[in-house]
Amino acid sequence: MTPPSQVLIEIATQSQAMNYNTPAQVPKITLNGTPIPSPGYTPNSPTGYQIVVINSSQDYTNPASILINEYLMLFPQENTTWWSSTYQYMYAGMLFQQLNGGNIEQQLILLASYGLDNNMPPSNDAYQMLLGLGAGATLQNWETHCDAGSMGGPMNWVNQPANYLFVGMSNYGYGEGYEKQETGESSIVSTLSVTLQNPV
């Protein structure tokens, strides 16, 4: 079968005010309408990201081009439901996956949060990583208009629901990627649609 000349990437996710015992509502990612294969497990944390790393020199729609497909889960401090001192480890995992996704000069990165709080922006290492893949003013605005690491409120886990969706590439410069960051009062649903030329 001849690979398609263009690939429509559609990402949908959500977040809501919630406590830690809420089941995870994972993102949905499709390429030309076909879902990205599941990582093969259900995350046991209500908050995290799905990261997909695709070889950007191959047919994006071929499952064999997927190098990384994982959930990056946020866990609380031991014996608590507090994440203020642990959320940076979720972003350390993000950087680890990107650095281990094959040739870092040939990567298409798809990223979708789930169950996120607005005060969980990327740590400095992940911030730099995303800017290097094409993130720009949207990410910077989030970083500079939140109270990073601050938590508290009646739900004791997520009190300011937020979503972050991102499509970037190894050869993208500042602001050349595609991103969306949104915040809601009690819940927020976000979508991102991007059409890219298939390299084959």
Side-chain angles (χ1 to χ4, degrees), residues 1-16 22-74 90-116 120 122 126 129-130 132-135 138-139 161-172 176-182 187-200:
M1 179 180 291
T2 303
S5 60
Q6 293 186 321
V7 178
L8 173 62
I9 301 168
E10 295 181 293
I11 307 174
T13 196
Q14 60 185 316
S15 183
Q16 62 184 359
T22 304
Q25 301 291 320
V26 297
K28 295 179 174 61
I29 305 174
T30 63
L31 303 180
N32 283 351
T34 301
I36 289 280
S38 167
Y41 57 93
T42 300
N44 53 357
S45 166
T47 296
Y49 283 86
Q50 183 175 359
I51 183 171
V52 179
V53 181
I54 295 174
N55 186 329
S56 63
S57 69
Q58 297 181 1
D59 174 14
Y60 299 158
T61 64
N62 185 342
S65 70
I66 298 175
L67 304 171
I68 299 287
N69 183 13
E70 298 288 347
Y71 294 123
L72 308 167
M73 291 171 274
L74 173 60
M90 175 174 63
Y91 290 110
M94 181 183 295
L95 183 61
F96 179 85
Q97 295 296 338
Q98 186 261 335
L99 291 174
N100 286 281
N103 184 342
I104 62 170
E105 295 181 352
Q106 294 182 334
Q107 290 180 330
L108 167 63
I109 305 285
L110 313 180
L111 189 66
S113 68
Y114 62 91
L116 202 70
M120 299 173 184
M129 172 197 120
L130 292 168
L133 293 165
T138 297
L139 178 59
N163 297 323
Y164 183 68
L165 307 176
F166 176 74
V167 175
M169 195 96 68
S170 300
N171 62 351
Y172 281 176
E176 292 183 340
Y178 306 86
E179 58 181 340
K180 180 178 286 187
Q181 196 276 328
E182 296 181 317
S187 64
I188 182 74
V189 175
S190 301
T191 61
L192 180 65
S193 297
V194 176
T195 298
L196 299 178
Q197 290 296 123
N198 207 10
V200 294

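Note: hydrogens, waters and symmetry copies are ignored here, and every other heavy atom, side chains too, is used.
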For the OG1 atom of T2 and the CG atom of N198, what is their distance to the nearest 0.5 Å?
11.5 Å
Gap between atom CD1 of I188 and atom CD of E182 - 0.5 Å precision:
4.5 Å
Please report the interatomic distance CG(L111) to CD(Q98), rounded to the nearest 0.5 Å.
11.0 Å
Can you name the residues that form a side chain to side chain contact (heavy atoms under 4.5 Å, CB included) with E105, not counting sequence neighbours?
N103
Between the side chains of E70 and Q50, is a donor N or O closer than 3.5 angstrom to an acceptor N or O?
no
What is the minimum heavy-atom distance between Q107 and S56, and which atoms define it?
N-OG, 3.3 Å
Tell me whether the count of non-hydrogen atoms from other residues, nucleotides or ligands lying under 6.0 Å of CD1 in I104 goes above 12.
no
Nearest 0.5 Å please: distance from the CG atom of L192 over to the CD1 atom of I9.
8.5 Å
Spatial distance of atom OG (S38) from atom CD1 (I29) [nearest 0.5 Å]
10.5 Å
With distance as the sole criterion, is a donor-acceptor pair present between the side chains of T34 and N32 under 3.5 Å?
no
Which heavy atom of Q16 sits nearest to which heavy atom of T22, and what is that distance?
NE2-CG2, 3.5 Å
What is the minimum heavy-atom distance between V26 and P43, and which atoms define it?
CG1-CG, 3.5 Å
